[in-house]
S.K.: 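Here it is, the structure, as structure tokens.
Note that this is a predicted model, so its numbers are computed, not measured. Numbers here are sequence positions counted from 1.
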Amino acid sequence: MPVIAHISDLHFGTEDPAVAEGLLADLCEIQPALLVNSGDLTQRGRASQFIAARAFLDRIPFPQLTVPGNHDIPLYDVTRRFLAPLARYRRYIAKELCPMFQTEQLAVMGVNTARSFTWKNGRISLDQIEQIKSTFCAMPFPLFKVLVTHHPFVPPPDDPSPALVGRGGQAIDALDACGADLLLAGHLHRHYSADAKTHHVHIKRTILVAQAGTAISRRRRNEPNAYNLITLIPPEVEIQVRAWSGQKFEPIASTRYMKIENHWTRQPDSG
Ligand SMILES: [Fe+2]
Ligand SMILES: [Fe+2]
């Protein structure tokens, strides 16, 4: 039963230490097969913030797959922002900007969407779309295929205004053709799950989307600190939101989907 814990937007520099300890305790109890971290590990891309993020990640004894977010590129240090935007991220967090994790049932690919010029809004390049295609299209269809980005493909259900990842429409066509199942992202500090087809109406299949809130930062958007726990029990997948109660992380919502003829169908008893 592969379980992915999906955390995002740690924003070291604005972290709540009690919540950070609570998250570590919850993760150590759950023992996920993989920890996905969808970016914004730091608040301002400072060395001290990356060192704190690194020390936190070193205490998590599971495989990890991480992508950077816009806050991992220094905003005000313009020399570094344009000449070496992800140098500190690569030094302290991960050298690989297109990480992969694969088992017999599961393939997870990360793509960097953070950019120096459009600092807040992210983008996928044409080369990255080609890489998504060559990776996912070469894999057997029944494999559960997951793409991790920092910037979202689908807006929150109650707010169509946030900017989505640039060139997301083109990327989603490739993901559709190659049988991607799930898109994991953060950036908005809001948790929600959806079917990408509700926004990208032209795609042929359903592609699930799970957005994570901020796991430990005080930069909350009227929601508690939270993260996603994704459990794969083919042909079903459960996306559970675990939120900070003030004392511990506990489940606050759970949505189950079943794959029927390549379409993910939300199950009626979902929360
Ligand atoms: Fe963020
Ligand atoms: Fe962000």
Side-chain angles (χ1 to χ4, degrees), residues 4-28 30 32 34-81 84-97 99 110 112-116 119-122 148-152 184-191 211-229 241-244 246-249:
I4 301 172
H6 169 213
I7 63 174
S8 198
D9 296 81
L10 305 179
H11 283 276
F12 271 91
T14 65
E15 81 280 14
D16 182 326
V19 183
E21 290 304 314
L23 177 62
L24 280 172
D26 204 46
L27 290 173
C28 287
I30 288 165
L34 175 68
L35 180 77
V36 163
N37 190 336
S38 57
D40 277 359
L41 286 91
T42 68
Q43 176 61 15
R44 282 287 162 240
R46 297 196 177 116
S48 58
Q49 295 168 352
F50 275 118
I51 289 167
R54 178 74 266 157
F56 179 80
L57 297 179
D58 281 346
R59 295 173 64 194
I60 301 175
F62 323 115
Q64 299 181 31
L65 184 148
T66 304
V67 295
N70 52 305
H71 278 261
D72 300 318
I73 295 178
L75 176 61
Y76 302 118
D77 180 348
V78 235
T79 310
R80 190 172 281 276
R81 175 176 166 191
L86 289 171
R88 283 180 180 149
Y89 173 87
R90 297 186 78 189
R91 175 176 176 191
Y92 291 108
I93 305 300
K95 281 197 170 45
E96 181 57 69
L97 295 178
N112 166 36
T113 55
R115 298 291 184 266
S116 300
W119 182 81
K120 187 177 179 188
N121 299 326
V148 184
T149 57
H150 177 63
H151 295 85
L184 300 179
H187 184 59
L188 301 178
H189 299 199
R190 303 236 3 231
H191 65 258
Q211 287 284 138
T214 169
I216 62 169
S217 167
R218 294 192 175 93
R219 292 169 54 92
R220 294 182 299 268
R221 304 276 185 267
N222 299 317
E223 290 184 3
N225 290 110
Y227 75 99
N228 293 327
L229 197 65
V241 179
R242 296 180 72 81
W244 179 246
Q247 292 178 321
K248 61 178 183 175
F249 278 89

S.K.: What are the two closest heavy atoms between Arg90 and Lys95, and how far apart are they?
M.R.: NE-O, 2.8 Å

S.K.: Are any of the side-chain heavy atoms of Asp16 and Ile216 separated by less than 4.5 Å?
M.R.: no

S.K.: For the OG atom of Ser8 and the CZ atom of Arg190, what is their distance to the nearest 0.5 Å?
M.R.: 14.0 Å

S.K.: Could you give the distance from CG (Leu57) to CG (Asn37), rounded to the nearest 0.5 Å?
M.R.: 6.0 Å

S.K.: Please report the shortest heavy-atom distance between Ile93 and Ala53, naming the atom on each side.
M.R.: CD1-CB, 4.1 Å

S.K.: Would you check if the side chain of Asn225 reaches a backbone N or O of Arg220 as a donor-acceptor pair within less than 3.5 Å?
M.R.: no

S.K.: Would a 4.5 Å heavy-atom cut-off, applied to side chains only, mark Val36 and Ile7 as touching?
M.R.: no

S.K.: For the backbone of Arg81 and the side chain of Ser116, can you confirm whether one donor and one acceptor N or O come within less than 3.5 Å of each other?
M.R.: yes

S.K.: Exactly one of Glu15, His191, Glu223, His189 should register a side-chain contact (heavy atoms from CB on, under 4.5 Å) with Thr214. Which one does?
M.R.: His189

S.K.: Do Leu188 and Pro152 have side chains that get closer than 4.5 Å, going by heavy atoms?
M.R.: yes

S.K.: Are Leu97 and Leu86 close enough that some pair of their side-chain heavy atoms sits under 4.5 Å apart?
M.R.: yes

S.K.: Are Asp26 and Lys248 close enough for a salt bridge, meaning some N to O gap below 4.0 Å?
M.R.: no

S.K.: Given the rule in the side chain to side chain contact (heavy atoms under 4.5 Å, CB included) test, do Tyr227 and Leu27 qualify, once you have shown the distances and angles that lead to the verdict?
M.R.: CA-CA 10 Å; Tyr227 75 99; Leu27 290 173; 3.9 Å; yes

S.K.: Hey, what do you get for CG (Leu35) to OG1 (Thr66), rounding to the nearest 0.5 Å?
M.R.: 7.0 Å

S.K.: Rounded to the nearest 0.5 Å, how far does CG of Leu41 lie from OH of Tyr92?
M.R.: 14.0 Å

S.K.: Quick one: salt bridge (Lys or Arg N to Asp or Glu O under 4.0 Å) pairs with a partner in residues 45-65, sequence neighbours left out?
M.R.: Glu21-Arg59, Arg54-Asp58

S.K.: Report the C-alpha distance between Leu184 and Ser38 in whole Å, list the side-chain angles of each, state the deciding distance to 0.1 Å, and finish with yes or no for side chain to side chain contact (heavy atoms under 4.5 Å, CB included).
M.R.: CA-CA 7 Å; Leu184 300 179; Ser38 57; 5.6 Å; no

S.K.: Is any side-chain heavy atom of Leu10 closer than 4.5 Å to one of Asp40?
M.R.: no

S.K.: Is it the case that more than 12 heavy atoms not belonging to Arg221 sit under 6.0 Å from its CZ atom?
M.R.: yes

S.K.: To the nearest 0.5 angstrom, please state how far the CD atom of Gln211 sits from the NE2 atom of His151.
M.R.: 10.5 Å

S.K.: For residues His150 and Asp9, determine if any side-chain heavy atom of one lies less than 4.5 Å from a side-chain heavy atom of the other.
M.R.: yes

S.K.: So which pairs with a foot in residues 49-75 pass ring-ring contact (aromatic ring centres under 6.0 Å, His included), sequence neighbours left out?
M.R.: His11-His71, Phe12-Phe56, His71-Trp119

S.K.: Name all pairs fulfilling the salt bridge (Lys or Arg N to Asp or Glu O under 4.0 Å) condition that reach into residues 64-76, sequence neighbours left out, sorted by first residue then second.
M.R.: none

S.K.: Which distance, rounded to the nearest 0.5 Å, do you find between the OG1 of Thr113 and the CG of Asn121?
M.R.: 10.5 Å

S.K.: Taking all non-hydrogen atoms of both residues, which atom of His6 and which atom of Ala185 are closest, and how far apart?
M.R.: CE1-O, 3.2 Å

S.K.: Specify the closest pair of heavy atoms between Gln49 and Gly13, including all atoms of both residues, with the distance to one decimal.
M.R.: NE2-CA, 4.0 Å

S.K.: Against Asn70, only a single residue in Arg115, His187, Lys120 fulfils side chain to side chain donor-acceptor pair (under 3.5 Å); can you say which?
M.R.: His187

S.K.: For the residue pair Ala87 and Arg80, what are the closest heavy atoms and their distance?
M.R.: CB-NH1, 4.3 Å

S.K.: Could you tell me whether the side chain of Pro61 reaches within less than 4.5 Å of the side chain of Cys28, counting heavy atoms only?
M.R.: yes

S.K.: Can you see which heavy atom on Ala243 is nearest to which on Pro224, and at what distance?
M.R.: CB-CG, 3.9 Å

